[in-house]
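The structure appears below as structure tokens.
Keep in mind that this is a model prediction, so the values were computed, not measured. Chain identifiers are assigned alphabetically (A, B, ...) following the order of the sequence lines, protein sequences preceding nucleic acid strands; residue numbering begins at 1 within each chain. Just so it is clear, the values below take in all heavy atoms, side chains as well, and ignore hydrogens, waters and symmetry mates.
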2 protein chains.
Amino acid sequence: MSEDVYHRAVQLFRLLSHPVRLRILDELRRGETCVCHLEAVLGRPQPYISQQLRVLREAGVIAGRKHGLFVYYRLVDERARWLLEEMLGPGRPPSPEPLCSCPQCAVDEESTSARG
Amino acid sequence: MSEDVYHRAVQLFRLLSHPVRLRILDELRRGETCVCHLEAVLGRPQPYISQQLRVLREAGVIAGRKHGLFVYYRLVDERARWLLEEMLGPGRPPSPEPLCSCPQCAVDEESTSARG
DNA sequence: CCACTAAATGCAAGATACTGCATATTGTAG
DNA sequence: CTACAATATGCAGTATCTTGCATTTAGTGG
């Protein structure tokens with residue numbers, strides 16, 4: 001049973017020990033994010049992003065919600081969120097302008113414009 | 001500069017994402033530990049232990065102090081100590097009986113016997 | 001039905017990590 | 001010096017991870 005603690009820790013550390021996965025999680029802790037947004041922010045091809053998302057999803061660290069053609073991922077592992085805060089500091093506020101054309105980003109854009 | 005934060009986090013997570021290294025660090029956070037003790041606790045050949053110690057040493061997470069034939073390692077990265085406490089809980093007390101024949105373990109044994 | 005878009009999946013080549021083992025180094029004692 | 005013990009290092013085979021790319025699946029609109 002004590003072995004399981006080690007195993008779980010190793011598993012989570014391994015997920016975080018990857019530059020792209022770490023940046024994905026850093027984006028996700030700001031809130032729900034679509035795949036196209038991650039693609040734009042990280043500058044990597046979509047299949048590559050989806051692969052890393054799968055790794056994180058199958059490990060139970062993130063979860064996806066499908067809305068039409070778009071899938072919005074969010075961070076669901078609080079221990080991971082906590083490790084990110086410790087190692088990367090508090091999450092920065094979301095980008096002022098949307099980097100993709102998904103409906104949610106468009107909504108954010110409208111509310112931002114209306115406010116400014 | 002923000003990139004560097006990611007890089008440093010990835011480096012540390014990678015070090016911790018290895019079962020043997022994680023258990024070595026878990027032992028070391030109890031206090032200074034000789035290589036022969038680690039060898040006995042982890043049940044792995046000495047060259048293998050030394051290799052993992054080198055990885056941790058070159059990353060600056062641990063440091064070694066030489067005393068005669070023996071080398072005593074200790075945890076020097078406070079961020080690593082902190083991650084260990086979060087993921088593994090508080091460090092357990094050291095084993096009641098010495099598992100190796102190094103002078104320091106012998107001293108511990110004497111004080112333990114004298115106390116009990 | 002078709003065309004189109006967002007996302008997911010499968011696969012393979014290349015890079016990297018893991019680990020066993022032989023050997024070297026360092027220090028002690030005689 | 002020799003003999004011995006604790007630790008370190010080098011190297012090689014294997015396993016695992018990474019990553020690019022082609023393809024597939026799912027959802028929308030005509």
Heavy-atom nearest pair, A:Val61 first then A:Ala80, reads CG1-CB, 4.0 Å
Answer with base, sugar-phosphate or nothing: what part of the nucleic acid does B:Tyr72 contact at a heavy-atom distance below 4.0 Å? nothing
Check residues 44-52 of chain B and write down every donor-acceptor pair under 3.5 Å in which the side-chain atom is one partner and the other belongs to a residue at least two apart or another chain.
residue: B:Gln46; atom: NE2; partner: B:Ser50; partner atom: OG; Å: 3.1
residue: B:Gln52; atom: OE1; partner: B:Arg21; partner atom: NH1; Å: 3.0

For A:Arg8, side chain to side chain contact (heavy atoms under 4.5 Å, CB included) partners two or more places apart: A:Asp4, A:Arg79
With sequence neighbours excluded, residues passing side chain to side chain contact (heavy atoms under 4.5 Å, CB included) with B:Ala40: B:Leu99
Any chance you could pull the hydrophobic cluster mates of A:Val76, using side-chain heavy atoms under 4.5 angstrom and chaining through other members? none
Apply side-chain hydrogen bond (donor to acceptor under 3.5 Å, both in side chains) to A:Arg81 and list each qualifying residue two or more places apart in sequence or on a separate chain. A:Glu78
Between CG of B:Leu56 and P of D:dT7 the distance, given in whole Å, is 16 Å
Is the NZ or CZ atom of B:Arg14 both under 6.0 Å from the centre of the six-membered ring of A:Phe13 and within 45° of that ring's axis? no
Using the closest heavy atom to pick a nucleotide of DNA chain C for each, name whichever of A:Arg57 or B:Pro45 lands nearer the 5' end. A:Arg57
Which two nucleotides bound the region of DNA chain C that has atoms under 4.0 Å from heavy atoms of chain B, read 5' to 3'? C:dA17 to C:dT28
Mind checking what makes side-chain hydrogen bond (donor to acceptor under 3.5 Å, both in side chains) contact with B:Glu58, not counting sequence neighbours? none
Can you name the closest pair of heavy atoms from B:Leu22 and A:Ala9 and give their distance? CD2-CB, 3.8 Å
Rounded to whole Å, the CZ-P distance (B:Arg44 to D:dT7) equals 18 Å
Which parts of nucleotides 11-18 of chain D does protein reach within less than 4.0 Å, heavy atoms only, written one letter per nucleotide 5' to 3' as B for base, S for sugar-phosphate only and - for none? B-----SS
Under 3.5 Å, which donor-acceptor pairs link side chains of residues 62-75 of chain B to any protein atom two or more places apart or in another chain?
residue: B:Arg65; atom: NE; partner: B:Glu32; partner atom: OE1; Å: 3.3
residue: B:Arg65; atom: NE; partner: B:Glu32; partner atom: OE2; Å: 2.9
residue: B:Arg65; atom: NH2; partner: B:Glu32; partner atom: OE1; Å: 2.5
residue: B:Tyr72; atom: OH; partner: B:Gln104; partner atom: N; Å: 3.4
residue: B:Tyr73; atom: OH; partner: B:Arg57; partner atom: NE; Å: 3.4

Can you name the residues that form a side-chain hydrogen bond (donor to acceptor under 3.5 Å, both in side chains) with A:Arg29, not counting sequence neighbours? A:Asp26
Each nucleotide of nucleotides 24-30 of chain D classed B (base within 4.0 Å of a protein heavy atom), S (only sugar-phosphate) or -, in 5' to 3' order, makes --BBS--
Could you give the OH-to-P distance, from B:Tyr73 to D:dT7, as a whole number of Å? 9 Å
With DNA chain D as reference, determine whether B:Phe70 or A:Val20 sits nearer its 5' end, using the nearest nucleotide of each. B:Phe70
Pairwise 5' ranking along DNA chain C for A:Cys34 and B:Pro19, keeping only the more 5' one: A:Cys34
